[in-house]
Amino acid sequence: MLHSDRFTSAASLNGRFGPPADGSGTDARTVVKLKAGAGKAPRGGTKAAPEPDDPYGGSGPYRLDQDLTWRLQHLPPPPVSVLAAARATGPDAQAAGQFAALARPPMHADKVLVPGDPATLKQWRDHLPAVLEWLSAHLRAE
């Protein structure tokens, strides 16, 4: 959605569309960054072990820019097609439904809910042919 001039179609398999559920700025995909002064400093210094940190660097605007649900609620929609695929029950299904419902032209979004509890790419393997068919139908040639 951020680079619709380069990427016109995308599929999200059990992706995250909003901020982390706990609101802390991090989730299970915590980005490990070196704190200021840690690691090799350009003019000498000491090394320190990396610590989990806010992946948004404390920036509220940057955090919102990465929140796809917020973007659809507050910014003009990009000219992209997105497939939101999620397990059939639970918060992921609700988030995918909300994301698809917020899409408005020129954006197009579809939602696919799959049975079971796929959490890894290996578990999504049986669903990949349908996802690839969807992508093929929505990719635009240059």
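- The backbone N or O of L72 lies less than 3.5 Å from a partner atom in the side chain of R104, making a donor-acceptor pair.
- Smallest separation of non-hydrogen atoms from L121 and L13: CD1-CD1, 4.2 Å.
- Panel note: side chain N14, backbone P118; a donor-acceptor pair is recorded below 3.5 Å.
- Judged by distance alone, with hydrogens and angles left aside, the side-chain atoms of S81 form no donor-acceptor pair with the main-chain N or O of S9 at under 3.5 Å.
- Separating the NZ atom in K111 from the OG atom in S12 is a distance of 14.0 Å, to the nearest 0.5 Å.
- Contact of the H138 side chain with the L83 side chain is not registered, since no non-hydrogen atoms from C-beta on lie closer than 4.5 Å.
- For the pair W70 and D65, the minimum side-chain heavy-atom distance is 4.5 Å or more.
- Taken together through direct or relayed side-chain contacts under 4.5 Å among Ile, Leu, Val, Met, Phe, Trp and Tyr, V114 and L135 form part of one hydrophobic cluster.
- Contact of the L64 side chain with the R71 side chain is not registered, since no non-hydrogen atoms from C-beta on lie closer than 4.5 Å.
- In this structure a side-chain-to-backbone donor-acceptor pair under 3.5 Å is present from Q123 to T120.
- Here the closest heavy-atom approach between residue A100 and residue A109 is recorded as CA-CB, 3.9 Å.
- For H3, there are no ring-ring contact (aromatic ring centres under 6.0 Å, His included) partners two or more places apart in sequence or in a different chain.
- Between P106 and P77, some side-chain heavy-atom pair lies under the 4.5 Å cut-off.
- F99 approaches A84 most closely through the heavy-atom pair CD2-CB, 4.3 Å.
- Counting heavy atoms from C-beta on, the side chains of V112 and V131 never come closer than 4.5 Å.
- Remark: side-chain polar atoms of T69 are paired, donor with acceptor, to backbone N or O of F17 under 3.5 angstrom.
- Put simply, the side chain of M1 reaches to within 4.5 Å of the side chain of M107, judged on heavy atoms.
- Hydrophobic clustering (side-chain heavy atoms under 4.5 Å, transitive across Ile, Leu, Val, Met, Phe, Trp, Tyr) keeps L132 apart from L139.
- Residue V80 comes nearest to F7 through the heavy atom pair CG1-O, 3.5 Å, listed as atom of the first residue, atom of the second, then distance.
- Summarising the local packing, CD of Q73 is surrounded by more than 12 heavy atoms from other residues, nucleotides or ligands at distances under 6.0 Å.
- Counting heavy atoms from C-beta on, the side chains of R16 and D92 come closer than 4.5 Å.
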